[in-house]
Every structure is written in C-alpha cells, then in structure tokens.
Number of protein chains: 2
Amino acid sequence: MSTQRELPPSRRIAETLRRAIADGTYQEGDKLPSERVLAATYNSARNTAREAINILATEGLVDVRHGSGAYVRRQVRMIRLGAERYSERTRRETGLSPFRAEALKQGKTVRVDVPDISRVIPPAIVAERLAVDPESKSVVQRVNHYYADDVPVQIGITYIPWEIAEGSVLASEAKTGTGSIYARFAELGHQITRVREEIAARMPRPEEAQILRTPPGVPVLDVVHTGIDQHGKPFEVTNFIMRSDLTGLDYSMAVED
Amino acid sequence: MSTQRELPPSRRIAETLRRAIADGTYQEGDKLPSERVLAATYNSARNTAREAINILATEGLVDVRHGSGAYVRRQVRMIRLGAERYSERTRRETGLSPFRAEALKQGKTVRVDVPDISRVIPPAIVAERLAVDPESKSVVQRVNHYYADDVPVQIGITYIPWEIAEGSVLASEAKTGTGSIYARFAELGHQITRVREEIAARMPRPEEAQILRTPPGVPVLDVVHTGIDQHGKPFEVTNFIMRSDLTGLDYSMAVED
DNA sequence: GCCACTTACTGGCTTAAGCCAGTTGGTTAA
DNA sequence: TTAACCAACTGGCTTAAGCCAGTAAGTGGC
C-alpha cells in the first residue's frame with residue numbers, strides 16, 4: 001500500500017527515536033542522547049541529528065531544554081472537555097461552567113487568576129457582536145487564567161459593554177478569584193444564555209504559549225461565545241484559548257491501520 | 001514593555017518578509033524571492049534564508065513548492081462553523097448537518113465523497129462508547145470527504161455496530177453521495193440524538209494533511225460525537241477532522257495591543 | 001556546611017559548499 | 001504544429017566546522 005520510499009537521514013533518525021519512545025526504550029521524562037552523540041551513532045552531521053530532534057519537538061513528543069538536553073514529554077491528558085452537550089442546561093442546573101464541572105468531577109483542584117480587568121477598545125468581532133463603538137474604549141475586558149491542579153489549561157477573556165459593566169460587574173468578582181462570573185451576572189439580574197459559539201484550532205501566539213506552557217507544535221483551541229440576556233440583547237463575548245493536549249480526546253480515534 | 005532583543009538573522013529575515021506580506025508588498029499568490037536571492041540580499045547563507053522561509057511556511061503564511069518557489073498563501077475563510085448552538089434542534093428542523101446548513105447559507109456548493117465503507121475492528125473509544133467487542137470486526141465504518149466549492153474541508157468517519165448496520169444502513173447511501181446519513185437513519189426508524197461531543201486541536205496526520213490540503217503548521221479540529229437512538233441506546237460514533245483555517249474565526253480576537 | 005567559581009557538557013544558530021530532485025520555459029527535431 | 005528534449009532555474013537535504021549561550025556538577029575557599 002504505502003510506497004515506503006527510503007527516508008532521508010533526518011527523518012530516519014526521527015522515526016527511530018519515535019519508535020524507541022513508543023516501545024518504552026525511552027520513558028516519560030528520560031533524556032535522549034545529545035545531538036552530538038546521536039550524530040556519531042547514526043554517522044551523520046550534528047545538523048542532521050538536530051533536525052531529527054526538532055521534528056519530534058514539533059510533534060510535541062519531546063521537550064528540548066537549552067543547555068540540558070531533549071526529554072521525553074509527559075503525555076498529560078487531564079481534563080476531558082465538552083463531555084456533555086447542551087451545557088447551557090448543565091450550567092443552569094449546577095451553576096458551574098463546563099470546565100469547572102468537569103474538573104471537579106475528575107477530582108482536580110481549580111484555581112482562577114484574574115491578571116487583568118481594564119477598559120479597552122474592543123476587537124472588531126466583539127464590537128460587532130455587542131454592537132458597541134469599535135473606535136473608543138467601549139468595553140470592559142476581564143482576563144482569566146485557569147489552572148487545574150496548578151497546571152495552566154485555559155485563558156479566558158470576557159468582554160462586556162462599558163455601560164452595562166459600570167465598572168463593577170466584572171471587578172466585583174476580581175478579588176474572590178472564583179471566576180464564577182455567571183453567578184455574579186445572575187445576582188445583578190442578568191440571565192445570560194450563550195447563543196453563539198465558534199471554534200477554531202490554531203497555533204498559540206508566543207504570549208499564549210508562555211502562559212499555557214504549550215510545547216512547540218502543539219495547537220490551541222480558540223473558542224468564542226456570545227451571550228445574550230433575557231431580553232435577547234447581546235451582553236457579553238467570551239474568548240477561550242485552551243490547551244488542546246489536555247482535552248482527553250484519544251488521538252488514536254481516526255487511525256486506520 | 002517588550003525587551004526587543006536583537007533577533008537572530010533567520011528570525012529577522014522572516015520578520016521582514018512577514019511585514020512585506022502584511023503591508024501588501026507581496027500579495028496573495030505572489031512569489032517570494034528565491035532562497036539564493038534572499039541570502040544574497042540579506043548577506044547571509046542560503047540555509048539562513050531557507051530557515052526564514054520555513055518559519056513563514058510553518059505559520060501558514062506561504063506555500064513552498066519544490067522546484068518552483070515560495071508563494072504567499074491565499075487566506076481562505078470560507079465556512080463559518082458552529083454559528084448556532086443547539087444544533088440538534090436545527091438539525092431536526094432542517095434535516096441538515098451544521099456543515100451543510102452553513103455552507104448552503106453561504107451559497108457554497110457541497111459535495112461528499114464516500115471513499116470507503118467497510119467492516120472494521122473499532123478503535124478503543126468507539127468500542128467503549130458503542131459497547132461492542134473491541135477485538136473483532138464489530139462495527140461498520142463509513143468514511144466521508146466533504147468539499148465546499150470543491151475545496152476539501154472535512155473528513156468524517158461514522159461507526160455503527162455491525163448488528164444494527166446489517167450491511168445496509170451505511171451502504172445504502174453510498175451511491176447517492178448526499179451524505180445525509182441522519183435522514184437515512186430516520187427512514188429506518190432510528191431517531192438519533194447526539195448526546196456527547198468532544199473536541200481537540202491537533203496537527204493533522206500526513207494522510208489527513210494530504211486529503212485536506214493543509215499547509216505545514218496548520219492544525220485540524222478533531223471532533224467526536226456519540227449518537228443515541230430514541231431508546232437511549234448508543235447508536236453511532238462520528239469523528240470529524242476539520243480544516244481549522246476555514247472556520248472563519250477572526251484570529252485577531254484575542255490580540256491585545 | 002556553605003557559597004562562589006570553574007569547567008565540561010548541553011542546545012542555538014550560523015556559514016559555506018555541494019549534490020539531488022522537481023519545475024518551467026525555450027529550443028529543436030519530427 | 002506538435003512533441004521531445006534540455007538547460008537553467010527552483011527547493012530539499014546533507015556535511016563540516018565554528019562560535020555563542022545556557023546548565024549542572026564538581027571544586028575550591030571560606
């Protein structure tokens with residue numbers, strides 16, 4: 001079936017190392033031979049060995065640490081997201097976000113940092129969806145960082161029109177750090193339903209990769225929600241950037257062999 | 001704020017080219033200077049210029065064609081997926097899948113190939129969810145390739161227990177190529193509701209990249225649905241692998257500057 | 001016992017040169 | 001006119017050598 005054409009040296013070394021990792025020759029956390037040693041072993045230039053390791057790093061199989069070595073990455077699959085459809089109902093019944101509900105179900109501790117709450121000029125989509133002025137500082141932005149068992153898993157940015165926020169809706173929750181912003185909305189008489197949801201896969205921006213500690217080559221999920229209140233008026237837009245290697249989806253799913 | 005440390009040459013060249021693309025010096029479809037020319041222009045080795053182009057290719061900004069050159073990639077944003085929540089209701093009302101509904105709304109033509117229908121050993125998750133034997137060929141697999149205006153956008157794999165399929169449910173639709181498999185289920189008296197949904201972002205496998213024509217560095221969305229019938233019994237598992245650059249999500253969303 | 005320093009490793013990135021392979025367009029022979 | 005060919009490009013990938021920067025462990029002085 002497959003033509004099995006001769007692999008170029010860098011790919012061949014990468015393939016060999018991949019197998020060695022798969023069959024347990026190198027376990028999670030183990031250090032791979034150094035570039036110079038690999039080059040000598042496979043009778044090739046250091047560049048070539050380096051390229052091989054680069055391929056594995058891009059696949060997220062190994063972590064490369066400058067000055068130290070390349071280590072087999074731990075395959076963390078902690079949070080299983082999106083396990084239930086109709087999460088609006090779930091949210092209303094439990095008062096928990098899908099993330100929080102799932103994390104708690106799995107016995108993970110949850111922590112939410114709120115590194116920034118500020119009045120900003122809205123990104124184009126946000127302005128459009130909330131029907132606010134795209135030129136002035138017409139929205140309040142609240143940034144959340146979510147951790148499960150102290151592992152960063154998700155960044156959330158919630159945008160609310162300034163008139164609605166009145167400087168308090170988002171800020172009032174800041175100190176508690178519970179991040180249960182929907183509960184706060186309810187207290188203030190806003191019953192929010194998420195009516196629109198878009199999702200994409202993309203590579204993280206450098207800042208995001210730093211916060212989420214994603215290895216090179218590992219993409220993130222980028223989800224945008226729009227929430228309307230009980231009068232059908234757009235109330236908030238939330239953008240989540242999630243680590244994709246923590247969602248628990250079994251990648252072998254689509255493998256046919 | 002940003003330290004702005006001196007960029008190494010390869011990054012510097014990449015950055016320069018990135019800007020040139022952003023400001024329209026190089027338009028969509030334009031050919032970038034060859035590696036050798038770039039190297040001469042920036043007084044560096046060909047390897048360095050090559051690395052710069054590689055960076056842009058990994059970011060999906062350019063397509064590199066062996067023997068021809070590097071071309072500025074067309075930024076296609078055709079299908080906006082997941083525009084509506086509660087797609088179960090939409091499905092029941094319109095009889096269309098979200099993909100099909102959205103594509104039609106945007107005036108795109110839709111084509112579905114069915115390259116494979118076969119009886120297979122189920123992947124682990126499928127066996128678990130459908131409660132079938134994970135060791136024998138207990139499921140029928142139907143592979144769909146979806147095209148919008150002849151651009152490949154999605155791969156779908158539907159799994160149904162062999163006893164239910166009886167060799168006919170999936171096969172009967174094969175020739176028509178409409179891919180409206182839910183309609184066929186309904187005809188046969190199975191009213192299916194999707195109760196579970198998991199999603200991940202990941203890099204495509206080589207075969208997938210080939211089918212979907214994704215450039216290097218562009219991830220795919222990997223979605224798994226489980227459908228139950230009117231008696232609450234798991235009936236089918238569907239796995240979609242989708243191009244993420246066609247979902248229409250504006251990446252500028254989370255950019256703060 | 002502790003801390004600072006040294007040293008021998010590690011990866012990061014570059015230059016320079018070369019051969020191979022795919023593409024393209026012009027030229028030549030039928 | 002057409003088809004085959006060929007030469008001059010293009011990128012793909014490698015070797016070899018070198019310098020820089022980060023890491024970690026050992027060694028010394030205190």
Side-chain angles (χ1 to χ4, degrees), chain A residues 3-18 21 26 29-73 206 209-210 213 215-217, chain B residues 3-18 21 26 29-73 206 209-210 213 215-217:
Chain A
T3 322
Q4 269 298 30
R5 75 167 55 199
E6 185 101 11
L7 289 173
S10 61
R11 314 298 177 90
R12 215 194 75 239
I13 298 175
E15 180 58 26
T16 306
L17 291 174
R18 227 192 318 260
I21 290 169
Y26 298 113
D30 282 3
K31 187 167 155 180
L32 258 46
S34 76
E35 297 176 350
R36 287 160 176 95
V37 169
L38 281 175
T41 307
Y42 293 97
N43 282 311
S44 58
R46 190 187 144 206
N47 288 8
T48 305
R50 180 178 175 71
E51 174 64 16
I53 287 186
N54 235 314
I55 291 171
L56 300 185
T58 300
E59 288 170 4
L61 267 178
V62 301
D63 273 329
V64 180
R65 294 211 285 271
H66 186 181
S68 177
Y71 298 82
V72 179
R73 228 174 103 68
Q210 197 191 352
R213 294 190 222 287
Chain B
T3 323
Q4 270 297 27
R5 73 166 56 197
E6 185 102 10
L7 288 173
S10 60
R11 314 298 177 89
R12 215 194 74 238
I13 299 175
E15 180 57 27
T16 305
L17 291 174
R18 225 191 321 261
I21 291 169
Y26 298 112
D30 282 2
K31 187 168 155 179
L32 258 44
S34 76
E35 297 176 352
R36 286 160 176 93
V37 170
L38 281 177
T41 307
Y42 294 96
N43 282 312
S44 59
R46 190 186 144 207
N47 287 8
T48 305
R50 181 179 175 71
E51 174 63 17
I53 287 186
N54 235 313
I55 290 170
L56 300 185
T58 300
E59 289 170 4
L61 267 178
V62 302
D63 273 329
V64 180
R65 294 211 284 272
H66 186 181
S68 178
Y71 299 82
V72 178
R73 225 174 107 67
Q210 198 193 351
R213 296 192 220 286

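Within every chain, numbering begins at 1; the chains are lettered A, B, ... in the order of the sequence lines, protein sequences first and strands thereafter.
- Distance from the side chain of Pro9(B) is smallest to dT14(C) among dC19(D), dT14(C), dT15(C).
- Rounded to an integer number of Å, the gap from Lys31(A) NZ to dG22(D) P is 17 Å.
- Heavy-atom nearest nucleotides on DNA chain D were determined for Gly67(A) and for Asn43(A), and the one closer to the 5' end corresponds to Asn43(A).
- Nucleotides of DNA chain D nearest to Leu32(B) and Arg65(A) differ in position, and the one nearer the 5' end is that of Leu32(B).
- Contact between the side-chain N/O atoms of Arg11(B) and the OP1/OP2 oxygens of dC13(C) is found at a separation under 4.0 Å.
- Note on Glu15(B) versus Arg18(B): salt bridge recorded, some NZ/NE/NH1/NH2 to OD/OE distance being below 4.0 Å.
- You'll find the side chain of Pro33(B) stays beyond 4.5 Å of the side chain of Thr41(B), heavy atoms only.
- An OP1 or OP2 oxygen of dT14(C) is reached within less than 4.0 angstrom by no side-chain nitrogen or oxygen of Ser44(B).
- The phosphate of dG22(D) has neither OP1 nor OP2 within less than 4.0 Å of any side-chain N or O from Ser68(A).
- One cannot find a donor-acceptor pair under 3.5 Å joining the base of dG11(D) and the side-chain atoms of Arg50(B).
- Rounded to the nearest 0.5 Å, atoms OG1 (Thr48(B)) and CD (Glu35(B)) are 11.0 Å apart.
- Atom P of nucleotide dG12(C) and atom CD1 of Ile55(B) are separated by 13 Å, given to the nearest angstrom.
- Set against dA21(C), dT15(D), dT10(C), the side chain of Thr48(A) has dT15(D) as its closest nucleotide.
- Here the C1' atom of nucleotide dT10(D) and the CD1 atom of Ile53(B) are 11 Å apart, to the nearest Å.
- Residue-to-nucleotide contacts include no donor-acceptor pair under 3.5 Å from the side chain of Asn47(B) to the base of dT14(C).
- At a threshold of 4.5 Å between non-hydrogen side-chain atoms, the residues Tyr26(B) and Val62(B) do not count as touching.
- Phosphate proximity of dC13(D) to Ser10(A): absent, as no side-chain N or O sits under 4.0 Å from OP1 or OP2.
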